[in-house]
Amino acid sequence: MSDTTNQSSDTQAQKGPIIPKSPSEALRPERVPEPPKRSKNARSQIVLFLNFIMTMTVLVCVLAVIGFYYATSTYQSPGPLQTNTNFIVRNGAGLAEIASNLERNAIISDARIFRYLTATHLSAGESLKAGEYEIKARASMSDIMELLKSGKSILYSVSFPEGLTVRQMFDRMLQDPVLEGDLPAALPAEGSLRPDTYKFSRGTKRSEIIEQMAAAQQKLVDQIWDKRDPSLSLRSKEEFVILASIVEKETGVPDERAHVASVFLNRLAKGMRLQSDPTIIYGLFGGEGKPADRPIYQSDLKRDTPYNTYVIKGLPPTPIANPGKDALEAVANPWKTQDLYFVADGTGGHVFAATLEEHNANVKRWRKLEADKGSDPNIAVDGQPEEQPGENGAAVVPPKKKKIN
């Protein structure tokens, strides 16, 4: 205890005597010592500039992070589109144009965000593909980018039934409102285009469809010809397509095409004329086709055209239409029959016969059916004439006033 007291006394002695202060002096604040002066290095302009740069860098980084988060969130969030809509990307359109058009059509909210973030998602050589697309309601920018990058555009279709001529196919293409471009001035060869349904996107040229049709028909003809019956008497693919086109026009019943083909092949083998009505029509009207209200007159059967198989022997010089797969296969692998005639059965099909006697009986049944329906008795038979062909293949045609197809 004494040691502590002594130390306290020594401390007071070192500080000096305690001088009492008056009340006013005691209330007066003591003088605060001045802060230490800044060093010369701290006052340097370079240091001040570096401090400013550092501050601005931090600020920019913070803003960039906020901006990137906002842009990414907007890119992934549902868009402003309220209902499904179609959007067209024209051929050659760049990313800036596509983004601007999307914003103009209220499909996205910000063209700049779409443009720059989409660019980061496209690898070298990738692009948004031309076409017409269905954009779903509330689709995000990310969804739209994936759709346009995939090229899965809206597909339209144009159909060409079997048995159309090239001219009739061209007319269908001209009437299609989605296809673009002109048709070639020169018509492709008759029989060279495949009847089928072709799908295409907006912006497809008519010439592109024609190229597809020609390539498809050539491939189909080659495949079926290679698998033909080895005993087939036709000498070339050209003759094969010609006869298939006649079979195509003679009947629309798939199950009897091979039977009709056997009749024509049997007649060719015996040197008989084919006597096919569709060849008369093609010889008279060409690829335009016969007007619906124009009957075939008896005088037409004698018209000397390269296609009138009532006049010429053998096959006509070219196909009379574009045959489909079924008609080609029917000719390549026909039924094995002795039939030389066929006539309409009144139900859309035909009844066949190997002899003239059988054929005449079939014709009588057909005429009775027509009479029961009140048809004009002057309408000629839908099939070969009733008379037996002569030695040169000519047939004597019954003296009917007209023939309506």
Side-chain angles (χ1 to χ4, degrees), residues 162-171 187-192 234 238-239 241-252 260-261 263-323 327 331 340-344 350 356 359-360 363 366-367 370 375-405:
E162 294 86 349
L164 292 183
T165 65
V166 170
R167 170 55 64 190
Q168 290 167 337
M169 287 178 165
F170 272 33
D171 289 342
L187 292 176
E190 198 70 81
S192 65
L234 299 173
E238 289 72 24
E239 290 186 348
V241 176
I242 291 171
L243 185 55
S245 72
I246 297 174
V247 171
E248 186 72 74
K249 297 296 289 184
E250 277 287 1
T251 179
V260 171
V263 170
F264 287 135
L265 288 166
N266 290 340
R267 292 176 75 91
L268 287 172
K270 291 180 176 294
M272 298 168 63
R273 292 190 172 96
L274 295 184
Q275 296 176 324
S276 169
D277 293 347
T279 64
I280 297 173
I281 295 171
Y282 193 85
L284 293 174
F285 303 103
E288 300 292 341
K290 180 179 73 66
D293 59 349
R294 202 295 198 174
I296 298 178
Y297 299 100
Q298 287 295 326
S299 59
D300 293 334
L301 304 184
K302 302 176 184 178
R303 293 283 290 273
D304 189 8
T305 75
Y307 291 88
N308 187 352
T309 55
Y310 279 82
V311 175
I312 67 169
K313 293 189 66 174
L315 295 167
T318 72
I320 61 172
N322 291 282
V331 174
L340 295 171
Y341 306 92
F342 57 85
V343 64
H350 296 84
L356 181 60
H359 179 60
N360 286 338
V363 170
W366 179 81
R367 289 196 182 283
E370 292 298 302
S375 300
D376 185 349
N378 292 318
I379 295 176
V381 134
D382 181 11
Q384 283 73 33
E386 299 172 47
E387 281 72 20
Q388 175 71 46
E391 293 181 359
N392 62 354
V396 180
V397 181
K400 305 299 179 184
K401 294 182 179 179
K402 61 181 179 179
K403 181 171 184 176
I404 298 176
N405 198 31

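Hydrogens, waters and symmetry mates play no part in the numbers below; they use all other heavy atoms, side chains included. Treat the numbers as computed from the prediction; the structure is a model and nothing was measured. Counting begins at 1 with the first residue of the sequence.
Put simply, the side chain of Leu274 reaches to within 4.5 Å of the side chain of Leu315, judged on heavy atoms. At a threshold of 4.5 Å between non-hydrogen side-chain atoms, the residues Val263 and Arg267 count as touching. Residues Asp171 and Leu164 are not in side-chain contact: their nearest non-hydrogen atoms beyond the backbone lie 4.5 Å or more apart. No side-chain heavy atom of Val331 sits less than 4.5 Å from a side-chain heavy atom of Phe264. Contact annotation: the side chain of Phe170 never approaches that of Thr165 to less than 4.5 Å [non-hydrogen atoms, C-beta and beyond]. A 4.5 Å side-chain heavy-atom check between Arg167 and Leu187 finds at least one atom pair inside the cut-off. Residues Ile246 and Pro278 are not in side-chain contact: their nearest non-hydrogen atoms beyond the backbone lie 4.5 Å or more apart. At least one side-chain heavy atom of Leu265 sits under 4.5 Å from a side-chain heavy atom of Leu234.
No donor-acceptor pair under 3.5 Å is formed between the side chain of Glu288 and the backbone N or O of Phe285. For the pair Arg273 (side chain) and Thr309 (backbone), a donor-acceptor distance under 3.5 Å is absent. Remark: side-chain polar atoms of Asn322 are not paired, donor with acceptor, to backbone N or O of Glu162 under 3.5 angstrom. The backbone N or O of Ile320 lies less than 3.5 Å from a partner atom in the side chain of Ser245, making a donor-acceptor pair.
Atoms OG1 and CD, on Thr318 and Glu238 in that order, are 11.5 Å from each other to the nearest 0.5 Å. If you take CG on Leu340 and CE on Met272, they are separated by 5.0 Å, rounding to the nearest 0.5 Å. Annotation: the span from Lys302 atom NZ to Asp304 atom CG amounts to 13.0 Å, rounded to 0.5 Å. One finds the NZ atom of Lys249 at 10.5 Å from the OH atom of Tyr282 (value rounded to the nearest 0.5 Å).
For the pair Ala327 and Glu248, the tightest heavy-atom approach, listed with the atom from each and the gap, is CB-OE1, 3.3 Å. Here the closest non-hydrogen pair linking Pro319 and Val241 is CG-CG1, 3.8 Å. The nearest pair of heavy atoms linking Gly163 to Ala321 is O-CB, 3.3 Å.
Between Phe342 and His350, the two ring planes are perpendicular [angle over 60°; tilted spans 30° to 60°].
Salt bridge annotation for Asp300-Arg294: present, with a cationic side-chain nitrogen under 4.0 angstrom from a carboxylate oxygen.
For Pro317, the side chain to side chain contact (heavy atoms under 4.5 Å, CB included) partners two or more places apart in sequence, or in a different chain, are Pro306, Tyr307.
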Worksheet item: Could you walk me through whether Ile280 and Val311 pass the side-chain contact (heavy atoms from CB on, under 4.5 Å) check?
Response: CA-CA 9 Å; Ile280 297 173; Val311 175; over 6 Å; no

